[in-house]
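Have a look at the structure below, then the notes.
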2 protein chains.
Amino acid sequence: MADEALSAGAVARRLGVAVTTLRTWHQRYGLGPSQHVPGHHRRYTAADLARLEIMRRLTAEGITPAEAARWARQTPAPGLAGEVSTDALVEVRPLGVRDGGGQTIPVGRAGPAARGLARAAMRLDSVAIGETIARALAADGVVATWDGLLRPVLVGIGERHAATGGLVEVEHVVSRCVSEAFATVTRAGPATGPARILLSCADEEQHTLPLEALAAALAEANVAYRMLGARVPAAALVEAVNRTGPAAVVVWSHLQATADPAQLTVLLASPRRPLLVLAAGPGWRADSLPAGVVRPVDLAEAVALALAVRDSLGQPAGH
Amino acid sequence: MADEALSAGAVARRLGVAVTTLRTWHQRYGLGPSQHVPGHHRRYTAADLARLEIMRRLTAEGITPAEAARWARQTPAPGLAGEVSTDALVEVRPLGVRDGGGQTIPVGRAGPAARGLARAAMRLDSVAIGETIARALAADGVVATWDGLLRPVLVGIGERHAATGGLVEVEHVVSRCVSEAFATVTRAGPATGPARILLSCADEEQHTLPLEALAAALAEANVAYRMLGARVPAAALVEAVNRTGPAAVVVWSHLQATADPAQLTVLLASPRRPLLVLAAGPGWRADSLPAGVVRPVDLAEAVALALAVRDSLGQPAGH
DNA sequence: ATAACGACGCAGGAATCGACGCAACTCGTA
DNA sequence: TACGAGTTGCGTCGATTCCTGCGTCGTTAT
């Protein structure tokens with residue numbers, strides 16, 4: 001048993017926080033090396049690190065740092081199995097405990113889970129990010145998770161990025177984790193019946209996440225679909241429509257620059273014109289859309305429309 | 001070539017350090033002649049010298065002596081796929097003709113599975129595509145599936161696309177299915193230990209699939225990593241490196257346009273300089289890479305290098 | 001006789017310390 | 001809706017601690 005005396009920098013790197021934060025946690029919450037002479041360097045033992053790991057896990061769950069520190073401090077030093085039931089903690093929120101700010105992502109009143117996700121994101125802790133998302137997906141489903149957890153955090157990152165220009169790495173890590181989480185949902189739900197719904201990004205549009213959310217929501221509802229992905233030229237979209245003859249087509253555009261209504265018009269003029277053409281995303285201008293195009297306001301509406309198409313045309317043995 | 005036991009002075013002269021330093025390295029880091037009785041003269045064998053060579057080169061590259069000693073000490077004496085020598089790797093491959101996928105195999109020799117995958121792709125049948133990939137992954141693992149199945153098909157589609165201009169939808173559907181398959185692999189393997197490997201695309205680079213393959217291969221081997229994803233500006237990459245202090249960084253570039261060596265140079269000049277910087281992908285020009293950058297030729301080599309980093313630095317022992 | 005040994009110490013530089021402050025986020029209240 | 005109070009993460013600054021390569025000294029192996 002060698003004494004793994006980790007330095008402050010090493011611990012900070014491992015946790016994904018700044019060295020100064022480690023010092024702050026020590027003096028504010030008493031969460032530091034058990035043996036530390038003031039003025040000397042901090043040397044974290046395995047037990048100290050375990051405490052900090054608990055701190056990291058609890059804050060990633062959305063628990064107030066002060067509260068998390070209280071739990072981390074009271075854990076028995078020996079033994080790695082310091083499992084703390086987090087579910088109970090989320091519910092019980094003592095009065096007078098506020099959520100603070102600091103270097104974080106604004107999530108508004110999106111709940112503790114979103115705050116925890118934001119914190120894990122700032123630390124680039126992809127494991128915690130993935131676990132949080134998976135838990136939310138299992139508990140609340142795709143639509144609720146998207147609206148209540150993922151979108152607030154993603155929007156927060158986007159705003160901060162637009163304002164300061166930074167946070168690019170954070171955005172990428174979160175996006176990737178969200179993609180992976182949606183992918184597991186997608187893979188888990190085996191599609192039944194033919195895919196009559198086609199999902200596609202607009203030409204040059206690179207943002208896929210909302211479309212992936214829709215895909216996951218459809219998979220959750222056992223609705224078959226086809227996902228084309230990002231940067232689909234109008235010709236390729238028409239080609240796909242002609243080849244597969246979908247009942248509904250969803251075209252996502254995040255930016256106005258990618259929202260050329262012509263690619264929708266071409267769709268409507270296609271030989272195998274789909275019953276429903278959805279222009280989704282904030283890029284589209286309502287007044288410039290060709291007639292016959294529906295514009296859902298949120299994920300729930302898009303899912304509902306897609307389900308309607310499935311229900312009306314799902315059974316080939318009609319009347 | 002018999003192993004002439006070198007004296008301390010000879011070794012010191014060869015390495016360019018003082019004799020006392022050799023003694024210091026021995027008693028501080030345990031980096032000395034494997035057989036040495038206290039009080040007697042040190043006699044360095046070839047293996048001992050090799051260890052010291054590693055020590056010298058790593059410290060010359062700006063790596064903390066303690067960390068460099070850890071590398072040198074745990075290097076297997078008989079070259080077990082281990083030779084850490086970055087310079088050697090760069091020089092051994094004077095012209096890396098292709099490595100991300102230059103070979104023109106029209107899916108013909110790649111086996112029946114590839115043919116079936118190509119057919120399902122043309123049909124935009126994402127279910128069949130996903131099943132084929134999942135089956136191959138389960139049977140052959142990530143690396144073999146990538147080299148033997150996915151890369152041939154993707155390359156074939158790419159060539160056809162370049163020639164005819166069509167097949168965009170096919171490419172997108174296949175890419176998405178591959179991503180999802182890799183994501184399930186990624187999610188299935190719980191990472192153990194801190195993530196010391198950082199995966200990132202070059203600036204403006206949009207192709208993520210090869211990086212996702214690497215991530216899946218690492219997850220398959222239970223190696224923790226961090227994936228940044230596509231279009232990572234150099235500043236964001238440096239930011240992530242400084243925040244998480246990884247041991248190895250893999251930067252993927254598919255196109256020459258995105259392979260600016262400056263973003264690697266910045267990495268090497270970073271305060272928390274990683275031990276290993278891998279320039280992966282066909283975009284990089286071997287002759288324009290800064291010294292100290294390793295250029296893996298294929299997925300297997302990249303995985304092997306990453307594993308070496310994990311194995312060599314698993315335990316951050318104290319002094 | 002020469003080179004190496006072990007112990008000790010030293011100077012330069014990197015990392016960290018403690019204190020302070022700032023900016024940003026939430027939430028209750030006017 | 002706007003604003004102040006409470007939190008929180010982290011940057012900055014001068015001082016201090018720690019690491020590291022190497023020189024010196026008396027002794028010992030070759």
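Naming: A, B, ... by sequence-line order, numbering from 1 per chain.
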Taking the six-membered ring for Trp and the single ring otherwise, decide whether the centroids of A/H41 and A/H36 are under 6.0 Å apart. no

Any side-chain heavy atom of B/H26 sitting closer than 4.5 Å to one from B/P33? yes

Side chains of A/V142 and A/F182, heavy atoms from C-beta outward: is any pair under 4.5 Å? yes

Given atom CZ of B/R70 and atom C1' of D/dC19, what is their separation to the nearest angstrom? 13 Å

Is the shortest side-chain N/O distance from A/R115 to OP1 or OP2 of C/dC25 below 4.0 Å? no

Listed nucleotide nearest any side-chain atom of A/Y29, set C/dC17, D/dC10, D/dG9: D/dG9

Between atom CD1 in A/I63 and atom P in D/dT7, what is the gap in whole Å? 18 Å

For the helix from C/dA1-D/dT30 to C/dA30-D/dT1, measure the angle between the helix axis at one end and the axis at the other, each built from five pairs, rounding to 10°. 30°

Ignoring hydrogens and geometry beyond distance, is a side-chain donor-acceptor pair present between A/S34 and A/D48 at under 3.5 Å? yes

Donor-acceptor pair between A/Q206 and B/R231 side chains, under 3.5 angstrom: yes

Once you round it to whole Å, what is the distance between P of C/dC25 and CD of A/E159? 9 Å

Which part of the nucleic acid, if any, lies within contact of A/V107, taking any heavy atom under 4.0 Å across all strands shown: a base, the sugar-phosphate backbone alone, or nothing? sugar-phosphate

Could you give the CE-to-P distance, from A/M122 to C/dA23, as a whole number of Å? 17 Å

Give one of base, sugar-phosphate or nothing for A/R160, where a contact means two heavy atoms less than 4.0 Å apart. sugar-phosphate

Whole-Å distance, A/D99 CG to C/dT26 P, equals 8 Å

Can you tell which of D/dG9, D/dG21, C/dG18 lies closest to the side chain of B/W25? D/dG21

Could you say whether A/P65 or A/R23 is positioned toward the 5' end of DNA chain D, judged by the nucleotide with the nearest heavy atom to each? A/P65

By nearest atom, which of the nucleotides D/dC10, D/dC22, C/dT16 is closest to the A/T21 side chain? D/dC10

For A/V170 and A/A121, which heavy atoms make the closest approach, and how far apart are they? CG1-O, 3.7 Å

Check whether the side chain of B/T64 and the base of D/dC19 form a donor-acceptor pair under 3.5 Å. no

With nearest nucleotide decided by heavy atoms, which residue, A/H36 or A/T164, maps closer to the 5′ end of DNA chain C? A/H36

Identify which nucleotide among D/dT8, D/dA29, D/dC18 has an atom closest to any side-chain atom of A/A66, counting heavy atoms from C-beta outward. D/dT8

B/L22 CG - C/dA4 P separation (whole Å): 10 Å

So for A/T24 and D/dC10, does any side-chain atom that can act as donor or acceptor lie under 3.5 Å from a complementary atom in the base? yes

Is A/H26 touching bases, backbone alone, or none of the nucleic acid, heavy atoms closer than 4.0 Å? nothing

From the candidates D/dT20, C/dG18, C/dA24, the one with an atom nearest any side-chain atom of B/R28 is D/dT20

When rounded to whole Å, the CD1 to C1' distance for the pair A/I105 and D/dG9 reads 13 Å

In whole Å, what is the span from the CD atom of A/Q27 to the P atom of D/dG9? 12 Å

Min side-chain heavy-atom separation A/L167-A/M122 under 4.5 Å: yes

Can you see which heavy atom on B/T186 is nearest to which on B/A219, and at what distance? CA-CB, 3.9 Å

Got a sec? Which of residues 234-244 of chain B come in under 4.0 Å of DNA chain C, heavy atoms? none

Regarding the side chain of A/R119, the nearest nucleotide among D/dG9, C/dT16, D/dC22 is D/dG9

A side-chain contact here means heavy atoms from C-beta on lying under 4.5 Å apart; do B/L22 and B/L15 qualify? yes

Which one, D/dA29, C/dT16, D/dC19, comes nearest to the side chain of A/H41? C/dT16

Return the 5'-most residue of the pair A/H40, A/T104 with respect to DNA chain D, ranking by each residue's nearest nucleotide. A/T104

Counting only N and O atoms by type, is there a donor-acceptor contact under 3.5 Å from the side chain of A/R160 to the main-chain atoms of A/P106? no

Does any donor atom in the side chain of A/E61 or A/T132 lie under 3.5 Å from an acceptor atom in the other side chain? no

